[in-house]
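Notes for the one structure printed next.
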Amino acid sequence: MLIAAISSLNATSQGFGFGGFGGRRMNMDSLNIIAAADYSDMLSKLGLKESQIREGRQPNSQDISKQPNYNELIANPYPYYPDALTTFDGRKVKSAKMWNKIRRPELVREFEDEMYGRIPDNVPSVSWTVTREEKKLMGQTQVIVRYLTGTVDNSSCPSITVEIQANVVWPDNGTKNFPVIMEFSFMAGDPTTPSRGGEKSWQQQVVERGWAACQLVPSSIQGDNGYSLTNGIIGLCNKGEYRKPTDWGSLRAWGWGASRMIDYFETEPLFDATKVAIEGVSRYGKASIVAMAFDERIASGFIASSGKGGVAGWRRDCGESIGNITSSGEYHWMCGNFIKYGADPLTEDDLRIDQHELIALCAPRPCFISGGSYDADKWQDIMGMFISTAKASPVYELLGKKGIGTDVLPPMDYGLTEGELAWRQHHGGHEAGPNWPYFLDFFDKYVVSKK
Ligand code: GCU
């Protein structure tokens with residue numbers, strides 16, 4: 001167990017830092033042992049043995065049977081998806097009222113208990129302070145950059161500190177009430193630094209439209225690894241103890257951080273907290289859809305290349321598999337309970353929910369689902385992300401909005417952006433980049449300029 005856990009952790013932890021261990025320096029071996037012990041503890045709480053856990057796909061394996069599948073003809077081993085508009089006890093959801101009163105709450109509960117975890121009742125409060133503010137030039141726009149720290153009250157467990165890092169930049173034009181595009185970012189450095197390639201950064205595009213751009217750093221909320229689960233906001237709430245199977249994982253914790261950022265916008269007249277969008281790529285794309293699904297104050301989302309754990313359905317066999325996410329390298333994103341579905345005898349098909357219903361939880365709010373080229377995003381399962389978007393559309397329609405209007409995948413660069421639920425696969429890499437102008441038009445149409 002320990003060995004398997006350590007090797008898979010080594011494979012996925014590179015490059016994502018030692019977040020969550022504020023100041024304490026430990027070498028990678030000790031951290032891997034901590035993660036393996038945490039993972040083992042969760043398996044024993046679930047009554048699972050390591051031998052029951054199904055292995056994830058291995059792109060570099062010499063053994064073809066272990067490599068990811070990219071053949072569409074065999075990508076749907078479980079073709080029956082749960083219907084977003086049928087309750088768990090079999091009733092058809094025929095009205096917005098029934099969606100809001102019965103179906104949405106039962107889906108929220110199921111996603112919490114079986115996939116992303118619950119936010120504990122005792123989460124301490126966050127106080128935001130401005131650590132620095134500067135006037136700068138961004139392209140041709142005069143801007144103000146504000147750096148913020150969100151200090152979490154740790155009086156219940158002083159050995160764990162959580163200081164959330166963020167920045168926000170807005171046009172210095174004497175007005176206020178700025179709509180905000182908030183991104184989950186690896187860093188919150190100087191947003192006015194020109195990009196290496198010379199192209200306009202997303203923040204520059206945002207301020208040129210007269211809005212504010214905010215970067216929020218997930219690893220300052222909760223570390224991106226199993227060894228940090230007894231640290232960060234999750235560890236603070238558990239006073240350094242291991243998680244229970246329904247406790248939150250990192251994706252939910254990052255989403256909680258986004259909610260605290262909105263709390264800040266609500267107190268600051270410079271920003272319009274009713275017009276905040278969330279954006280993120282890949283693991284942060286997963287975090288973005290989780291944040292938006294659970295916090296109905298988030299007005300819109302730009303969910304880029306989110307893949308498995310984001311908007312791609314678990315019932316698909318294409319690219320990453322459930323076994324990758326339930327391994328010791330990625331299980332920390334989810335609640336412990338989720339590991340059950342990656343362990344025999346249960347399968348993905350035993351989930352009572354799937355990811356189209358996570359998108360549906362965002363309805364009727366404008367949500368833009370994005371992916372890169374087939375090559376760059378094949379691990380992310382482009383077709384799977386599209387199928388989920390199509391399957392979420394009926395919920396948007398029930399709530400009086402437009403879905404994507406088709407279940408046929410359009411060619412790359414052809415956006416389905418004529419409704420509150422939008423899809424666009426861009427020509428380019430595993431990134432949000434080429435879709436930014438399309439998302440900003442979409443946000444303008446459905447949020448900023450909406451009558
Ligand atoms: C890995 C992981 C993906 C994730 C990606 C990323 O590839 O398997 O699920 O989206 O990292 O965040 O870059």
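Numbering of ligands and ligand atoms starts at 1, following listing order.
- Residue contacts with ligand 1: Lys308 is placed with no nitrogen or oxygen under 3.5 Å of a nitrogen or oxygen of the ligand (distance criterion only).
- Backbone and side-chain nitrogen or oxygen atoms of Glu320 are examined, and one is located within less than 3.5 angstrom of a nitrogen or oxygen of ligand 1.
- A distance-only check finds a donor-acceptor pair linking the side chain of Ser61 to the backbone of Asp63 [under 3.5 Å].
- For ligand 1, one of its N or O atoms has an N or O atom of Trp379 under 3.5 Å away.
- With no hydrogens or angles considered, a side-chain donor-acceptor pair links Asp295 and Ser259 at under 3.5 Å.
- The distance from atom SG of Cys362 to atom CD1 of Ile359, rounded to the nearest 0.5 Å, is 7.5 Å.
- Contact atoms of ligand 1 toward Gln380: 3 (C), 4 (C), 10 (O) (distance under 4.0 Å to a heavy atom of the residue).
- Where the criterion is an N or O separation shorter than 3.5 Å, residue side chain and backbone included, Ser306 fails it with respect to ligand 1.
- Judged by distance alone, with hydrogens and angles left aside, the side-chain atoms of Arg252 form no donor-acceptor pair with the main-chain N or O of Tyr116 at under 3.5 Å.
- Here the side chain of Lys401 pairs no donor or acceptor atom with the backbone of Ser393 at under 3.5 angstrom.
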